2 protein chains.
Amino acid sequence: MKDVALLAGVALKTVSRVVNEEPGVNPATAVRVREAIERLGYRRNEGARLLRSGRTASIGLVIEDVGDPFYSGLFRAVEDVARRHGSLVFAGSSGEDPVRERELVLAFCARRVDGLVVVPAGEDHAYLGPELAAGMGVVFADRPAGNLAADTVLVDNRGGARAGTAHLISYGHRRIAWLGDSPAIFTAAERLRGYRTALAEAGLPYDPCLVASGATTTEAARAALDRMSALADPPTAIFTGNGRATIAALRALGPRRYALAGFDDFEPADLLGVTVVAQDPVRLGHTAAGLLFARLAGDRDAPREIVLPTRLIPRGSAERPPA
Amino acid sequence: MKDVALLAGVALKTVSRVVNEEPGVNPATAVRVREAIERLGYRRNEGARLLRSGRTASIGLVIEDVGDPFYSGLFRAVEDVARRHGSLVFAGSSGEDPVRERELVLAFCARRVDGLVVVPAGEDHAYLGPELAAGMGVVFADRPAGNLAADTVLVDNRGGARAGTAHLISYGHRRIAWLGDSPAIFTAAERLRGYRTALAEAGLPYDPCLVASGATTTEAARAALDRMSALADPPTAIFTGNGRATIAALRALGPRRYALAGFDDFEPADLLGVTVVAQDPVRLGHTAAGLLFARLAGDRDAPREIVLPTRLIPRGSAERPPA
DNA sequence: CTGAAAGCGCTTACAG
DNA sequence: CTGAAAGCGCTTACAG
């Protein structure tokens, strides 16, 4: 900017005015400045500008994996909202590691992002206290924060899993296997709870032999299904706790003809005729980002918790009686 | 930092030294400073720091859609490389819009990112000239840049499509339909070229009636297949130009029993038994980011162009003679 | 309509 | 081992 001022023969402040399209600049002067800008290929340094103004017009997004279809859908929605507010998005993957989550969050804070949308991997978020106090917006998505009062957007995991399990029960299944993530993960624990609720409501016993937590790979799913098939009273249906578990189960099923319903919709689930309990990552992202920008716009209400509904989509894999 | 210095009763510079873990600070002083930092919840402002040092330890990534599985895989790979180099990633979606691409790129430049990985939507990248001259690293991925000499990582689209089409031909197909994106998109044009090459090499005529460009939605695919089925000499096989076209074609096929092979692998393609020509988005991202950080480390060689191979994965949908 | 001075939060280069 | 001064590239607040 100094160089531009020199070349145009004006003061720094005048260049600043032209760049910011502030009124009250002689048109002829403005033209001279713009020519100099063009000639020098000058681009304003946003970092320097924002050092004064306080805001960085950027937000940080921490998700489990930017490459995962569910979270990348969420990202897309956050991006859209951010863009509408003139904000850029730093995004990073925690990989379900609390240490990495903290690193990322603090790196974003050090860049002085205006706000943060976080899918928490860890349980402890007290370290965000100073940021919150300093006016940074923080919204947790998909899972609640550990020990920090902040806006949160969740999905009705329990209700969805309950509905999916009840759906299988309504077709006459009494032995329903559960394949899903470790209950150390909030959403998995909630869904397992929904599964148990549906069983209880139907007067069915909860049988730990039918529960495979951590069975989200093909190998693990196969092992679990092999074990369960060998039971005296094997399952006739499966409820899978997330998209990865569903695909793993489908791969592992082989010739077994169990009914199946799964949590999470995925792109060609319709082609596979898989019945799912769908959650909406785009709506999740929209809602979380909406909350964040409302805070940044000055909303000072108490922290909110929003719970989004799920939707059962019957496609054939679940709608059959026990073989 | 000023507040910390005040509270600890030292000069600004001493706080700076402690924060940067520079040697030569009295341990007792350091402890006092660290206490003040803790008490105040102080976090160094990276933006201010980098204003002096020049580097921002961040890069920008422009892809077509952060929510698309192919590009989000690329993102994940770029993130991993960036992380290894201590860099954060701004990411944004161009939505195949050259104007939006330019906006994003310039917004990243204004934030003074150290480098850029761009999947170009537009044809003109001369506007990046000043940045390149100023030492910013720029790598184009998936598609070549318009009119700027910069590192580029591509996929062997032509060779892949040629191999996929030849695969269908090897099973006796002579009438092979093409469903894909508009040839205005570089990768689509290249793949169409590969399809034509395979036909020519087999002595088969190129029939425009069998080519549906823009057929990447279920409706468009259905319309195209309806039209082609009604031909006097209908196709017996389909080659789809990308993942979306493959899924659209599968949805549109209905009772028609065409052989099918498609460009792009997708998550449960194995469950659907779909034969694909797979490209590797993770490798694409790794390679592009690797090139970028090599530049940032001082590599001054002439711009490179790297072309990555594809891999044909037979899964059943293509391996059958004409009905 | 235009500009000189001070300052955003930090580091660099130098002095003690 | 510690600090006062200048400056990174910009804006704010004020004066002319």
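A note on names: the letters A, B, ... follow the listed sequences, proteins ahead of strands, and every chain is numbered from 1. Keep in mind that this is a model prediction, so the values were computed, not measured.
Within the structure, a side-chain polar atom (N or O) of Asn20(B) is placed less than 4.0 Å from OP1 or OP2 of dT11(C). For the pair Thr14(B) and dC1(D), the criterion of a side-chain N or O lying under 4.0 Å from OP1 or OP2 is not met. Dashed line: the shortest gap from a side-chain N or O of Arg52(B) to OP1 or OP2 of dG9(D) is not under 4.0 Å. OP1 or OP2 of dT11(C) has at least one side-chain nitrogen or oxygen of Ser16(B) nearer than 4.0 Å. Proximity of Thr29(A) to the phosphate of dT2(C): a side-chain N or O atom is located under 4.0 Å from OP1 or OP2.
Within the nucleic acid shown, Val19(A) has no heavy atom closer than 4.0 Å to any nucleic acid atom. Residue-level contact check: Ala11(A) touches the backbone only, with heavy atoms under 4.0 Å from sugar-phosphate atoms and none from bases.
Comparing dG3(D), dC10(D), dA4(C) by their closest approach to the side chain of Val10(B) singles out dG3(D). Checking dT12(C), dT2(C), dT11(C) against every side-chain atom of Arg44(B), the shortest atom distance belongs to dT11(C).
Evaluation of atom-type donor-acceptor distances gives a pair under 3.5 Å for the side chain of Arg17(A) against the base of dG3(C).
The two residues Val117(B) and Ala141(B) make their nearest non-hydrogen contact at CG1-CB, 4.2 Å.
A salt bridge links Arg49(A) with Glu46(A): the closest approach of a Lys/Arg side-chain nitrogen to an acidic carboxylate oxygen falls below 4.0 angstrom. Of the charged side-chain nitrogens involved, at least one lies within less than 4.0 Å of a carboxylate oxygen, so that Asp80(B) and Arg76(B) count as a salt-bridged pair.
Annotation: side chain of Phe140(A) is in contact with side chain of His125(A) (closest heavy-atom distance under 4.5 Å).
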